[in-house]
Every structure is written in C-alpha cells, then in structure tokens.
Amino acid sequence: MGGSRVQRDAVDGGLPYPFRLEETMARYRHQIWPVLAVALMLVSLVLLSSCETPQNNFQPMSDAAEEIHAVYIIVTLAAAVVGVVVLGVMAYIMIRFRSRPGRAPSTSHGNTKLEIIWTVIPFFVLVLIGIPSVMGIVSAAEDPQDDAVRIRAIGHQWWWEFRYEGMGPDGQDLVTANEIRLPVGQQAYVTVESVDVIHSFWVPKLIGKLDAMPGKSQSLQPFIPKEVGTYYGVCAEYCGLAHALMRFRVVVEPLADFQAWVTHLQTPPATPAESAVLGEALFNGTCGRCHAVYGTVAEGTVGPNLTLFGERTTLGAGILENSDANLHAWISNIRDIKPVNEDDGGIKVMPSFDAVLSDDQISSIVAYLKGLKIDR
Ligand code: CUA
C-alpha cells in the first residue's frame, strides 16, 4: 500500500505526497505574494468595517437595536473563540503528527474522554448563546406601550407608504411616503405589510428587518429611538426591477418638531406663492389622480401621498436629494432615473411628463410641491 502511494510523488504540479511540510515550504517559498494579498485583504476588511456608514448595524441607536447588537456581539465572540481553538488544535495536530522521512504519520481512532469533552463544551457554548437569544426573542414579542407612535409601513413596487394610525384629520390615518418622522425618546411600533410582492423593512441603526408580506400584517419589536438624526432604511428583500432604489428615511426629531409636523399635515396648505399658482392647478388636474395632498382636491392613492412634500429630505423613494433640479428631472422623465418595466406598459411608475407639459409648467409644479412646507 505505502509503496504505491509514494509513487504518486512523480505527478507533476501536485503537492508532494505524502505531504511533507519542509518540502512544500521549499517549493512555494517564492510565492509569497498571494499570501500577502489575502492577508492585506483581511486586514483591510477589519479596518474598513469600523468606518462610519449610514446603514451600520454596529451603531445601534434604539433600545431594540442595542439588544440585537448585544446578542450579535456575544454570538460573534463565541464563534470566534470556537473557531480559533478548533483550527488551532487542528493545525497543531497536523504539524506535530505529520509524516516525516522515516516515520509514518501518527493515526489514532476513538477516545472516549475526548469525545465527552467535545460534547460537553459545545453544550455550554450553546447555552451561553441561547440565553441572550431567547431573552431577545421574548422581548421582541412585547406589546407596545400605550403612548407608542403606531405606524403601518406598506411596501409598494417601489416605494413605502407610511400610515400613522388615527393621527390624521378627523381620526383618519395620517399618510406619508418614503420618510417616517418619529419623536426622540418615545416608543415607536411599526407594523409591516405589502400590497404587491414581498418587500422587507430594515433600518439597520434602529430596527428590523422584517418581511412585508402581501395579505399579512406583521409587527416589529417596539423600539425607542435614542438620538435625533436621520436614519437610512432600505427594502431588504428582492422585489423586482427597482428593488435597489426602494429606500426610505427615518427622521428622529424633538417632540415639539414632530407635533408641529403632525399639526401641519392635518391642515390644508396655505395659498401658494405666485410662481406656484399655475403649478397648483396643474397638479390638482393631472397629478392629483394618483397623488394626494391633504385639504386639496388631490386625493389619489395610487402614488405616494405628497402632503408637506417640501419638508421631505429626499424624493424618488429616498434615492435623490429633494432639490428643485432633481424634482424637475423626476417629473420630466422618471425613466432617465429609474428603471421601468415597459412589458406591463410601465404602469408601476409615473408617466414621463416632458411630452405633455412645458418646462415652465413643470417648474411651476416644482414650485408648488416645494412650497408645501411648515411656516416657520
Ligand atoms: Cu421592495 Cu425590495
């Protein structure tokens, strides 16, 4: 047996066989660069992972996100220790008991004491991981507090509708799109739904993720945002052509600012500026079939509700800064900005208006929409 194996040494290009550490190192001693490249990549990965990024779940900014983060760190540390110990012992055994000239590699079969040890240790590791995980699952199912801000997040291809239950005029829902506002320090309770395909709601620094299922309503763990700021959210489930462009923001602000926003959302807009009078008429006659603005004749529900649109930081489901130029381009020809599936006639996306409206008319609509803001 042994004799026939040794003959395979002659095969060109393969590892020397039986494996001999000294020979292998001698053979590959000039090929240090691949090893260095991999080492460099790993070091960069570790260093870059500490960078500040908008969707970093290592920077929890709510109580619920902190709980998830704590479990994550415990599991990662336990896995790292297990990995280092197991691979370390393996490396030691492979080198210590390898074959050497004049000596066959050591073999061993069955060891009751070892087997008991490597059954008992994983048991305790799993208990260590299991306790905080189960505690996290239990607190994720907690009921919201009475004063929690309750929001229904409804996924559409490809934008988010947000409905604040009972906070609109006459006890209706207060409806907005692609941007949630929350008071800092007050609990929020988000229920996730979809009107078409499966989407997923995720704000890495605050909460999530949870799938938005058609025909089903699921609730996220209630969470309390801890700091004022703007937090990035994304759809985290592939949902078709513009999935990667289905983003949103969560604006966490002082309670007074939040209350002012709610009050103004319930109030019909003031008379528009002169440059926007034509825009208002055009919007109500054309855009209002799909979009709504509270207190006006625009009551469409197919597209995003645009009440207080001038207060939004972004447009186009969070993909563009809400500037005049971007809004003008968006209304003119959305197809330059967002992929549109024309197989179904492009019905899921707004028409391009540059063929039916003049530049000035579109500018006037822009002026009207940007003027929908809180008087300060
Ligand atoms: Cu919606 Cu991906």
Side-chain angles (χ1 to χ4, degrees), residues 53-57 62 64-65 68 140 150-165 173-182 188-221 223 230-252 290-292 300-306 309 312-322 326-327 330-331 333-352:
T53 49
Q55 295 184 164
N56 191 339
N57 55 351
S62 76
I68 295 169
R150 291 161 189 261
I151 300 168
R152 284 167 65 203
I154 303 168
H156 295 251
Q157 279 176 316
W158 292 271
W159 57 280
W160 290 94
E161 175 184 352
F162 298 120
R163 306 183 73 95
Y164 291 68
E165 292 175 43
D173 286 352
L174 183 148
V175 188
T176 186
N178 301 323
E179 200 164 296
I180 301 177
R181 289 186 175 233
L182 292 174
Y189 183 60
V190 179
T191 301
V192 182
E193 303 161 33
S194 168
V195 295
D196 37 46
V197 300
I198 303 175
H199 304 273
S200 182
F201 181 98
W202 190 30
V203 191
K205 288 186 181 179
L206 293 179
I207 195 66
K209 60 185 78 146
L210 184 67
D211 277 2
M213 313 281 278
K216 189 175 173 171
S217 170
Q218 311 192 91
S219 297
L220 281 157
Q221 176 176 4
F223 65 98
T230 300
Y231 301 97
Y232 285 63
V234 284
C235 174
E237 176 69 44
Y238 181 69
C239 55
L241 211 54
H243 155 70
L245 305 179
M246 187 172 164
R247 303 177 205 170
F248 60 102
R249 299 286 188 282
V250 178
V251 178
V252 176
C290 295
H291 298 281
T301 54
V302 177
N305 186 306
L306 299 178
F309 181 81
R312 299 213 187 133
T313 56
T314 64
L315 64 90
I319 61 174
L320 293 173
E321 187 199 339
N322 188 5
N326 284 342
L327 183 56
W330 182 257
I331 297 169
N333 192 354
I334 198 174
R335 282 148 183 79
D336 286 344
I337 303 170
K338 194 167 182 165
V340 174
N341 182 5
E342 301 292 0
D343 292 346
D344 61 5
I347 50 161
K348 293 225 165 67
V349 176
M350 181 167 77
S352 300

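In listed order, ligands and their atoms are each counted from 1.
His156 is linked by a side chain to side chain donor-acceptor pair (under 3.5 Å) to Glu161, counting only residues two or more places apart in sequence or in another chain.
Between the side chain of Tyr164 and the backbone N or O of Arg181 there is at least one donor-acceptor pair closer than 3.5 Å.
Listed by chain and residue number, the protein N/O/S atoms under 2.8 Å of atom 1 (Cu) of ligand 1 are His199 ND1, Cys235 SG, Cys239 SG, Met246 SD, with waters left out.
Annotation: salt bridge (charged side-chain N to carboxylate O under 4.0 Å, His left out) contacts involving residues 235-246, sequence neighbours excluded, are absent. Applying the salt bridge (charged side-chain N to carboxylate O under 4.0 Å, His left out) test to residues at least two apart or on different chains, the pairs with a partner in residues 189-202 are Arg152-Glu193.
Under the 3.5 Å distance criterion, with hydrogens and angles disregarded, no donor-acceptor pair is assigned to the side chains of Thr314 and Asn322. Between the side chains of Ser352 and Arg335, at least one donor-acceptor pair of N or O atoms lies under 3.5 Å.
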